[in-house]
Amino acid sequence: TRLQVEHPVTEAITGLDLVEWQLRVAAGETLPKQQSELSLSGHSVEVRLYAEDPASGFLPSPGKVHGLSWPQVSDDTLRIDTGIAAGGEVSRFYDPMIAKLIARSDTREEAIDRLVSALKDIVVLGVKTNAGFLVDLISHPGFRQGGVDTGFIDAHIKALQPSRCTQRNQALAIAAWLATKSTRSNADQSNDQYSPFSLTSAWQLGSTRDTGFDVIIDGARISANTRWPASGSCEISISGACFSISALECQNPLSASASIDGHAVNFAIAHDDDRLLVYVEGQHLNISAYDILVQEDEEAASALFARR
């Protein structure tokens with residue numbers, strides 16, 4: 001026989017090891033306990049973390065996992081079952097489940113809260129996941145009240161897929177900051193102290209330093225602009241949204257933070273050849289520099305094939 005994927009929920013509220021029971025029965029032993037001997041304690045909720053893109057109809061998102069960080073498990077309120085590590089790959093040939101997260105507490109509400117907290121602490125770089133969707137799902141009032149059936153997601157799909165424009169722009173703002181800081185860092189290493197290209201301050205003659213650039217985000221070209229006022233912070237404009245970013249701490253790429261418009265934002269980054277992978281609150285972006293020569297060649301080729 002086989003165990004259900006959700007068997008950890010039963011184990012959490014009964015204190016039993018069902019896998020051990022399964023092996024004992026397979027070896028010819030009898031069940032260790034009868035139904036009348038079992039007792040339940042507390043509440044437990046499980047979610048499945050998948051490499052998939054909820055915004056694209058939950059299509060699988062196979063690929064290499066460049067960075068991975070799990071929430072800390074210090075007691076029996078949280079369990080994580082997974083078989084993948086950083087550097088591993090989510091295959092396109094099999095089920096793209098990355099992990100199961102199981103929370104337990106005295107009440108259902110507390111178990112859900114523990115699960116929400118854990119999902120927000122997860123970092124997966126390299127593939128898109130349903131982590132943000134799961135947070136919205138189990139935070140939905142209908143779910144918390146227990147009014148769930150097999151049609152729940154379809155009935156509430158708009159509420160469960162809110163616009164993540166803020167997180168997306170925050171991720172791009174962080175990428176813009178890092179790109180600009182990288183340029184300034186390279187300039188700072190120049191041996192020519194009198195060269196204008198060695199300047200790393202925000203000063204320039206006549207006005208505040210203002211730099212525009214284009215990037216490719218998940219295949220789409222996006223224009224951004226950075227300004228460095230005398231305050232030392234960086235003002236970034238992206239798709240009509242403006243952000244002020246400062247106090248970036250990035251010693252640990254999987255647990256970095258920045259102050260964006262006065263609010264602390266946690267994020268993670270990883271590099272994949274010429275791509276920068278940025279993860280902010282469940283929002284995963286693939287960012288690369290816009291090369292006008294390469295892009296124009298590709299666009300011309302696409303137009304040529306379209307005419308044919």
Answer with yes or no whether the side chains of [Y] and [X] bring together a donor and an acceptor at under 3.5 Å.
X    : Y    : answer
S41  : R104 : yes
D261 : S244 : no
N252 : S255 : no

Distance-only, no hydrogens or angles: does the [X] side chain make a donor-acceptor pair with backbone N or O of [Y] under 3.5 Å?
X    : Y    : result
H140 : L137 : no
S44  : A103 : yes
D273 : R275 : no
N286 : D218 : no
T77  : S105 : no
H284 : G126 : yes
E37  : Q34  : yes

Is there a side-chain contact between [X] and [Y] (heavy atoms, below 4.5 Å)?
X    : Y    : value
D113 : S117 : no
I138 : L119 : yes
C234 : I245 : yes
N130 : L49  : yes
V116 : K120 : yes
H271 : L277 : no
I122 : W70  : yes
V45  : I112 : yes

Spacing of [atom1] belonging to [X] relative to [atom2] belonging to [Y], to within rounding of 0.5 Å:
X    : Y    : atom1 : atom2 : answer
L254 : N266 : CG    : CG    : 12.5 Å
D149 : D154 : CG    : CG    : 10.0 Å
Q283 : Q170 : CD    : CD    : 10.0 Å
T10  : L3   : OG1   : CG    : 9.0 Å
L134 : L160 : CG    : CG    : 10.0 Å

P60 and P96: which non-hydrogen atoms are nearest, and at how many Å?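 Here P60 and P96 meet closest at CB-CG, 4.2 Å.
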
Closest non-hydrogen atom pair, F152 against G147: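 Nearest pair, atom of F152 first, then G147: CD1-O, 3.4 Å.
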
CZ (R24) with more than 12 external heavy atoms under 6.0 Å: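 Incorrect, the count does not exceed 12.
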
Are E110 and R114 within salt-bridge range, i.e. N to O under 4.0 Å?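 No, E110 and R114 are not salt-bridged.
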
In terms of side-chain geometry, is the basic nitrogen of D272 or K64 positioned less than 4.0 Å from the acidic oxygen of its partner?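 A salt bridge is absent here (no side-chain N lies under 4.0 Å from a carboxylate O).
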
Given the rule that I, L, V, M, F, W and Y join up when any side-chain heavy atoms are under 4.5 Å apart, are V9 and F143 in one cluster?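 No, it is not one cluster - the side chains of V9 and F143 are not joined through contacts under 4.5 Å.
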
